[in-house]
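Report on one structure; see the data block that follows.
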Amino acid sequence: MNFPALKNDVFLRALMRQPVPYTPIWMMRQAGRYLPEYNETRARAGSFMGLAKNREYACEVTLQPLHRFELDAAILFSDILTVPDAMGLGLDFVAGEGPRFAHPVRHEDDVRKLAVPDMGRLEYVFEAVSLIRRELDGRVPLIGFAGSPFTIACYMVEGQGSDDYRLIKSMLYSRPDLAHRILQINADATVQYLNAQIQAGAQAVMIFDSWGGVLAHEAFQQFSLAYTRKVVQGLVREREGRPVPVIVFTKGGALWADQIADLGCDAMGLDWTASLGEVRHRVNDKVALQGNLDPMVLFAPEAAIREQVRKVIDDYGPVGNGGHVFNLGHGISRFTPPDAVSVLVDEVHTYSRRMHGAASGG
Ligand SMILES: Cc1c2[nH]c(c1CCC(=O)O)Cc1[nH]c(c(CCC(=O)O)c1C)Cc1[nH]c(c(CCC(=O)O)c1C)Cc1[nH]c(c(C)c1CCC(=O)O)C2
């Protein structure tokens with residue numbers, strides 16, 4: 001497949017720790033409910049999965065935030081739960097309640113029946129990736145993504161979101177054999193899924209370990225980190241003559257930063273509880289860092305947003321060789337005023353351009 005040439009590669013360069021003229025920015029959940037145009041398209045599509053499963057709609061909402069803001073990357077519009085949906089668990093998004101599976105995986109029988117799905121059932125995702133690449137016309141790179149094996153397993157076992165993770169944790173402690181089988185299937189499926197996204201045109205990939213941080217220290221190593229490593233190790237790392245960087249984001253994972261940096265990924269996402277400078281020092285620039293503004297800063301007045309942005313950039317420190325991708329510490333709130341995002345993007349670009357200029361003596 002031949003796609004239009006890339007015009008802005010600042011995001012990819014920063015991830016590979018190559019020199020950049022300014023700090024690139026994108027936002028987790030940048031295509032979402034804080035944008036009125038997203039809500040309009042979603043209403044036309046009828047449901048969340050109606051949006052995600054139609055490549056024209058998926059492409060339209062992926063591009064919406066790029067029409068408004070000078071973001072340095074696009075992220076595929078989809079969800080981490082498409083993979084268990086393709087396994088036959090029956091995904092539904094109940095209005096106001098979030099995702100729900102009709103057939104959760106709770107008993108030995110359910111686990112025995114589980115298998116890596118035929119990637120043909122996820123063809124709608126790969127078609128959306130290729131369409132978005134064409135429509136982006138090389139403006140910025142496209143990020144593909146998947147959930148970590150553990151985070152997907154949380155939803156598969158709980159059947160929905162959870163406050164205490166009682167069912168999945170009960171399984172880890174009482175039937176680790178069942179948990180390991182689910183995690184191995186998820187890891188194998190995720191390798192195939194991400195490689196197919198890369199094949200279809202994704203220029204970087206991100207693994208969301210949103211719930212790894214709820215685990216006890218030892219359980220994290222065994223049930224989350226070990227399987228994220230299997231995914232990272234199975235990925236295709238070069239396409240179209242350039243590296244395909246891999247980002248791993250474990251929410252609440254800063255205390256395991258050294259181990260995450262050793263997974264073989266190119267970059268680590270951090271939530272707002274971490275100090276970028278402290279983690280950078282600890283991992284000795286082994287990987288790039290992505291983050292980590294508290295999304296709630298976007299509810300403050302303009303001057304406060306600008307001040308908090310500068311603090312994050314200063315915390316990372318001198319960027320001569322890239323290594324920092326600005327992001328929020330988690331997804332943008334659906335109640336965020338879009339004008340606050342314009343302020344955020346402007347401050348990241350103008351302030352970091354000054355810093356980068358100063359660092360190179362210009
Ligand atoms: C845990 C998780 C999910 N999905 C995802 C994660 C990992 C990231 C994280 O920790 O937030 C990842 C995800 N979900 C979505 C994207 C799209 C790309 C983007 O703009 O970032 C991405 C990268 C769209 C979405 N996925 C969802 C929405 C809101 C959906 C709507 O229109 O109803 C969007 C834009 C729904 C979703 N999907 C999921 C939940 C728990 C929910 C409901 C909660 C919520 O409303 O935020 C599962």
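The figures here come from the full heavy-atom set of this structure, side chains too, leaving out hydrogens, waters and symmetry mates. Whatever order the structure lists them in is the order used to number ligands and atoms, beginning at 1.
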Problem set entry | Within residues 38-64 or reaching into it, pairs that qualify as ring pair (Phe, Tyr, Trp, His ring centres under 6.0 Å) - sequence neighbours excluded | Y38-F77, F48-F77, F48-F93
Exercise. Taking the side chain from N292 and the backbone from L270, do they hold a donor-acceptor pair closer than 3.5 Å?
Worked result: no
Exercise. Do F145 and F150 belong to the same hydrophobic cluster, where Ile, Leu, Val, Met, Phe, Trp and Tyr are linked whenever their side-chain heavy atoms lie under 4.5 Å apart, directly or via other members?
Worked result: yes
Seminar exercise, completed: Shortest non-hydrogen pair, R139 vs F69, comes out as NH2-O, 3.5 Å
List of N/O pairs, ligand 1 versus protein, all under 3.5 Å?
| from | atom 1 | to | atom 2 | distance (Å) |
| --- | --- | --- | --- | --- |
| ligand 1 | 4 (N) | R29 | NH2 | 3.3 |
| ligand 1 | 4 (N) | D79 | OD1 | 3.0 |
| ligand 1 | 4 (N) | D79 | OD2 | 3.4 |
| ligand 1 | 10 (O) | S210 | OG | 2.4 |
| ligand 1 | 10 (O) | H330 | NE2 | 2.6 |
| ligand 1 | 11 (O) | H330 | NE2 | 3.2 |
| ligand 1 | 14 (N) | R29 | NE | 3.3 |
| ligand 1 | 14 (N) | R29 | NH2 | 3.4 |
| ligand 1 | 14 (N) | D79 | OD1 | 3.1 |
| ligand 1 | 20 (O) | Q30 | N | 3.2 |
| ligand 1 | 20 (O) | A31 | N | 3.1 |
| ligand 1 | 21 (O) | R29 | N | 2.7 |
| ligand 1 | 26 (N) | D79 | OD1 | 2.8 |
| ligand 1 | 32 (O) | Y38 | OH | 2.6 |
| ligand 1 | 32 (O) | R42 | NE | 2.5 |
| ligand 1 | 33 (O) | R42 | NE | 3.2 |
| ligand 1 | 33 (O) | R42 | NH2 | 2.7 |
| ligand 1 | 38 (N) | D79 | OD1 | 2.8 |
| ligand 1 | 46 (O) | R33 | NH1 | 3.2 |
| ligand 1 | 46 (O) | R33 | NH2 | 2.4 |
| ligand 1 | 47 (O) | R29 | NH1 | 2.6 |
| ligand 1 | 47 (O) | R33 | NH2 | 3.2 |

For this session: For the pair F11 and W26, name the ring-plane relationship: parallel under 30°, tilted 30 to 60°, perpendicular over 60°.
Result: perpendicular
Problem set entry | Salt bridge present between E238 and R242 (N-O < 4.0 angstrom) | no
